[in-house]
Amino acid sequence: MPLSLISNDKQKRSGISRAEIADLYYNCPTDELISIGQRITVQNHGKSILLRGLVEFSNYCDRSCLYCGIRKENDYVKRYRLDKNQILEIVKLGYERGLRTFVLQGGEDSYFSTDYLCEITKGVKDYTGDSAALTLSCGIHSRSQYRELADAGADRYLIRFETANPELHSFIRQNIPLSKRLKAIETLKEEGFQVGSGFMIGLPKETDEDRIDNIMLAGELELGMAGIGPFIPHPDTPLAGSLQHPIELSVRATALLRMVLPKTHIPATTAAGTLDPQGREMMIQAGANVLMPNITPTEAKKNYLLYPGKICLDESGIQCIGCLSIRVKPLDRELSFAKGDTL
Ligand code: SAM
Ligand code: SF4
Ligand code: FES
């Protein structure tokens, strides 16, 4: 248990201790957790749900994470890369529809060299200026590479720590230590990025104590955004056939995460919407304040299958924005096209 990662000082800063979170985790009924999470969310973020347009630019990956459907060894994946012009075209369409944050996500694909990623970043920022934020999410790189990307104009970086349990991390990420991932997060912050991170929940061998550690570690990292994705076993990975936990696990964790991180942006994740048709709505009720419509062209996104059954494969991101605006109404929320910087 990496409690050493969580100093007493930092536990105090988040205002709620591990013991209190553990007590709520084990003993508090779900309805109550949701109502506390919701109250804190509305107090800190109002009734707006921020939108971030997701562009899945490459499903090539040089890594072999055991959980991931696009891992290098999965020969069933039809691989694709979007080029700079395609990415810029998608961003322009999203911008015209009002989006003011774009997240470029992909595998750790060496074809996208730092120079090329910088070119794409500059292209996006030349078009949007400071009126929109650009987030990158393409894994671990060196400090100098992160610096070049920041200099090119990238504002934010998304990199989940996946699990706070160092042994489990090494197992699922094929011997890449948790410390390396955490170091990358620190380096990104030092290089001026607003950093988003988070974890999957329901991984094989994960314990209740690991889940509490996940929440506390997210609190310690002082993140701009923190996300929870239910782990969904992919049939063409070594973790095929693992137990699928119910959505309630993610919903409860979202409420606890909100208690630890009142001001941090928390997404209602696509994985939650995949696991349960109402998954994203449940996460919003428990404490999420961000939705990420997938604006990747439909012919590409159907091949970015991290897990089976992914939603919104036949709809364009623009259609999803319409769908989401209807979905949040019964929750007494409204979509916001604001840039949504770290609070
Ligand atoms: N390659 C980059 C990285 O690993 O940070 C970014 C892309 S990666 C596919 C984005 C996220 O997908 C991962 O951080 C992981 O949490 C999530 N993911 C991958 N496989 C998953 C699965 N089977 N179930 C749920 N989430 C999954
Ligand atoms: Fe590659 Fe990221 Fe999937 Fe790991 S999680 S295999 S780094 S895309
Ligand atoms: Fe994509 Fe509803 S959010 S179709």
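In this text the structure is predicted, and so the values were computed from the model without any measurement. Just follow the structure's listing: the first ligand is 1, and inside any ligand the first atom is 1. One is the number of the first residue; the rest follow in order along the sequence.
Counting the atoms of ligand 3 from 1 in the order shown, those under 4.0 Å from a heavy atom of R280 are 3 (S). Listed by atom number, the atoms of ligand 3 under 4.0 Å from C312 heavy atoms are 1 (Fe), 3 (S), 4 (S). Near E315, meaning under 4.0 Å from any of its heavy atoms, are these atoms of ligand 3: 4 (S). Those atoms of ligand 2 with a heavy atom of C61 less than 4.0 angstrom away are 1 (Fe), 6 (S), 7 (S), 8 (S). Residue L324 has at least one heavy-atom neighbour below 4.0 Å for each of these atoms of ligand 3: 3 (S).
Scanning the protein for heavy atoms near atom 2 (C) of ligand 1, the closest one is G106 O, 3.5 Å. In terms of protein heavy-atom proximity, atom 10 (C) of ligand 1 is nearest to Q105 NE2, 3.7 Å. Of all protein heavy atoms, the one closest to atom 17 (C) of ligand 1 is R160 NH1, 3.8 Å.
Of the charged side-chain nitrogens involved, at least one lies within less than 4.0 Å of a carboxylate oxygen, so that D341 and R156 count as a salt-bridged pair. Ion pairing between D210 and K205 fails under the 4.0 Å rule for side-chain N and carboxylate O.
Contacts between A271 and ligand 1 below 4.0 angstrom, taking non-hydrogen atoms only, are absent altogether. At a heavy-atom cutoff of 4.0 Å, ligand 1 is contacted by the side chain of M200 but not by its backbone. Looking at R181 against ligand 1, only its side chain comes within 4.0 Å, counting heavy atoms. Looking at E162 against ligand 1, only its side chain comes within 4.0 Å, counting heavy atoms.
For a threshold of 3.5 Å applied to N or O pairs, the pair formed by Y67 and ligand 1 contains at least one separation below that value. Residue contacts with ligand 1: I232 is placed with a nitrogen or oxygen under 3.5 Å of a nitrogen or oxygen of the ligand (distance criterion only).
Counting heavy atoms only, C323 comes closest to atom 2 (Fe) of ligand 3 of the residues P277, C323, G322, G317.
Distance check on atom 2 (Fe) of ligand 2: every protein heavy atom falls at or beyond the 4.0 Å cut-off. For atom 23 (N) of ligand 1, the nearest protein heavy atom is under 4.0 Å away.
Contact between R173 and ligand 2 is present, with at least one heavy atom of the residue lying under 4.0 Å from the ligand.
Judged by the 6.0 Å and 45° rule, R211 forms no cation-pi pair with Y25.
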